[in-house]
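Let me begin by presenting the structure, written as structure tokens, before commenting on it.
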There are 2 protein chains.
Amino acid sequence: MAETYRKELVQRIIKNLLDIQLLRMVQAQPVWGYKIKKKVEANFQIKLRHGALYPMLNSLEQKGFLTSQMQTTGGRARKVYTITKSGEEYLQSYYAILKDQIEDVDLK
Amino acid sequence: MAETYRKELVQRIIKNLLDIQLLRMVQAQPVWGYKIKKKVEANFQIKLRHGALYPMLNSLEQKGFLTSQMQTTGGRARKVYTITKSGEEYLQSYYAILKDQIEDVDLK
DNA sequence: TACAATATGTCCACTATGAGACATATCGCA
DNA sequence: TGCGATATGTCTCATAGTGGACATATTGTA
């Protein structure tokens, strides 16, 4: 059945389009790296190395897709990320492509 | 504007999910490698190396997602591919994930 | 007080990927 | 008859990416 391939495909998409998944999560609500890691691992049943995650978040900030503010809650220092206008535009482009894929626009 | 990022994103998706794009094209109509190459390059304005394309098509056949028949039209030998039931199921899983992405199902 | 969890960061060695070359054959046209 | 287009295939080297370690600090719990 079709669901057999789902987990394998999700893992590929998360891996290859990790930056986009991070933008989606931050857009849903401002959040910090460690929480993203836990959420990805719970939602998609994949291991997300922090050695890959943190450099990617910093890179997204450098590109202007995310901004960050340090927050300290109970002595716990967190770098909370918020999506920027550019980041939202990037996501909109992504969603537009997905719609084209589903509707076979690009095959005509 | 959002369209600035489109080309860059399309290239990434085609590159990382090439097998799926090949399945989509064969599903639209049975077709051979060289024609796929020309079509991808025209539709997406990207270079598709035949050194990447042909091994991928053979691999999709080995996995049972495609079948092929040799056809000779005017002395021109073509390996025409047709999608299998498994191939269509794989695509269905892919489309289901894209819908989840668009609808933010996996962020809740 | 020692350890697991929270929290963020860098770095290096290995491996996997990819660009481009090497290879071959036919057809149509100039 | 030589060249560009059609058609499919393999292989190698350099680069890119990944896994896992190294690093540091705080909090809560056993």
Side-chain angles (χ1 to χ4, degrees), chain A residues 8-22 25-26 29-63 65-82, chain B residues 8-22 25-26 29-63 65-82:
Chain A
E8 173 201 331
L9 265 167
V10 166
Q11 290 182 350
R12 274 184 63 192
I13 290 168
I14 301 292
K15 209 174 169 183
N16 292 314
L17 306 175
L18 179 60
D19 56 342
I20 290 164
Q21 303 310 316
L22 300 183
M25 288 191 172
V26 174
Q29 58 179 314
V31 76
W32 58 97
Y34 192 82
K35 200 175 181 186
I36 288 174
K37 179 178 148 69
K38 291 289 157 186
K39 206 164 189 177
V40 167
E41 287 173 347
N43 288 9
F44 302 112
Q45 289 104 57
I46 62 167
K47 278 171 206 161
L48 180 55
R49 291 175 309 111
H50 75 269
L53 174 63
Y54 293 118
M56 180 72 85
L57 285 169
N58 288 329
S59 151
L60 286 171
E61 194 172 13
Q62 275 188 335
K63 285 177 190 159
F65 292 159
L66 293 177
T67 50
S68 70
Q69 315 88 238
M70 285 306 292
Q71 274 180 21
T72 307
T73 312
R76 203 120 259 170
R78 292 164 177 168
K79 202 168 169 183
V80 177
Y81 288 92
T82 309
Chain B
E8 172 202 330
L9 266 167
V10 166
Q11 290 182 351
R12 274 184 63 192
I13 290 169
I14 301 293
K15 209 174 166 180
N16 291 314
L17 306 175
L18 179 61
D19 56 343
I20 289 163
Q21 303 311 315
L22 300 184
M25 289 191 172
V26 174
Q29 57 179 313
V31 77
W32 58 97
Y34 192 82
K35 200 176 180 184
I36 289 174
K37 180 178 148 71
K38 292 289 158 185
K39 206 165 188 177
V40 167
E41 288 174 347
N43 287 10
F44 301 112
Q45 290 104 56
I46 63 167
K47 277 170 206 161
L48 179 55
R49 290 175 310 108
H50 76 269
L53 173 63
Y54 293 118
M56 181 70 84
L57 285 169
N58 288 328
S59 152
L60 287 170
E61 193 172 15
Q62 275 188 336
K63 284 177 190 158
F65 291 161
L66 293 178
T67 50
S68 68
Q69 315 88 240
M70 285 305 291
Q71 274 180 21
T72 308
T73 311
R76 203 121 257 170
R78 292 163 177 169
K79 205 170 169 182
V80 177
Y81 288 92
T82 309

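Proteins come first, then strands; the chains are lettered A, B, ... in the order of their sequence lines, and each starts at number 1.
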Rounding to a whole Å, what distance do you find between [X]:[atom1] and [N]:[atom2]?
| X | N | atom1 | atom2 | result |
| --- | --- | --- | --- | --- |
| Leu53(B) | dG9(D) | CG | P | 9 Å |
| Leu48(B) | dT6(D) | CG | C1' | 15 Å |
| Leu57(B) | dA7(D) | CG | C1' | 12 Å |
| Ile46(A) | dT18(D) | CD1 | P | 12 Å |
| Met70(A) | dA7(C) | CE | P | 11 Å |
| Asn58(B) | dA7(D) | CG | C1' | 13 Å |

**OP:** Before giving the answer on side-chain contact (heavy atoms from CB on, under 4.5 Å), spell out for Ile46(B) and Val10(B) the whole-Å C-alpha distance, their side-chain angles and the decisive distance to 0.1 Å.
**Re:** CA-CA 9 Å; Ile46(B) 63 167; Val10(B) 166; 5.5 Å; no
Original post:
Who are the side-chain hydrogen bond (donor to acceptor under 3.5 Å, both in side chains) partners of Gln71(A), not counting sequence neighbours?
Top reply: none
**OP:** Return the minimal non-hydrogen interatomic distance between Trp32(A) and Lys79(A), and the atom names on each side.
**Re:**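 The answer is CB-O, 3.3 Å.
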Subject >> Pairs meeting criterion salt bridge (Lys or Arg N to Asp or Glu O under 4.0 Å) with involvement of residues 10-21 of chain A, two or more places apart >> reply: Arg12(A)-Asp19(B), Asp19(A)-Arg12(B)
Original post:
Applying salt bridge (Lys or Arg N to Asp or Glu O under 4.0 Å), which residue pairs with at least one partner in residues 30-45 of chain B are found, sequence neighbours left out?
Top reply: Lys37(B)-Glu41(B)
Original post:
If you look at every strand shown and take non-hydrogen atoms under 4.0 Å, does Ala52(B) touch a base, only sugar-phosphate, or nothing?
Top reply: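 Counting heavy atoms under 4.0 Å across all strands, no contact is made by Ala52(B).
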Identify, with sequence neighbours excluded, every residue that meets side-chain contact (heavy atoms from CB on, under 4.5 Å) alongside [X].
| X | answer |
| --- | --- |
| Pro55(A) | none |
| Ala77(A) | Met70(A), Thr72(A) |
| Ser59(B) | Lys63(B) |

Subject >> Contact under 4.0 Å: Tyr54(B) side-chain N or O vs dT8(D) OP1/OP2 >> reply: yes
Subject >> Set of residues satisfying salt bridge (Lys or Arg N to Asp or Glu O under 4.0 Å) with respect to Arg76(B), sequence neighbours excluded >> reply: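 Applying salt bridge (Lys or Arg N to Asp or Glu O under 4.0 Å) to Arg76(B) gives none.
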Original post:
With sequence neighbours excluded, what pairs up with Glu8(A) under the salt bridge (Lys or Arg N to Asp or Glu O under 4.0 Å) test?
Top reply: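 For Glu8(A), no residue satisfies salt bridge (Lys or Arg N to Asp or Glu O under 4.0 Å) once neighbours in sequence are set aside.
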Original post:
Going by heavy atoms closer than 4.0 Å, what residues in residues 31-42 of chain A are next to DNA chain D?
Top reply: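 Listed by number, there are none.
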Subject >> Which residues share a ring-ring contact (aromatic ring centres under 6.0 Å, His included) with Phe65(A), sequence neighbours left out >> reply: Tyr90(A), Tyr5(B)
**OP:** Would you mind building the protein contact string for nucleotides 21-30 of chain C? One character per nucleotide, 5' to 3', B for base within reach (heavy atoms under 4.0 Å), S for sugar-phosphate only, - for untouched.
**Re:** -----BB---
Between the protein and nucleotides 15-18 of chain C, are there any N/O to N/O pairs under 3.5 Å, and if so, what are the atom names and distances?
none

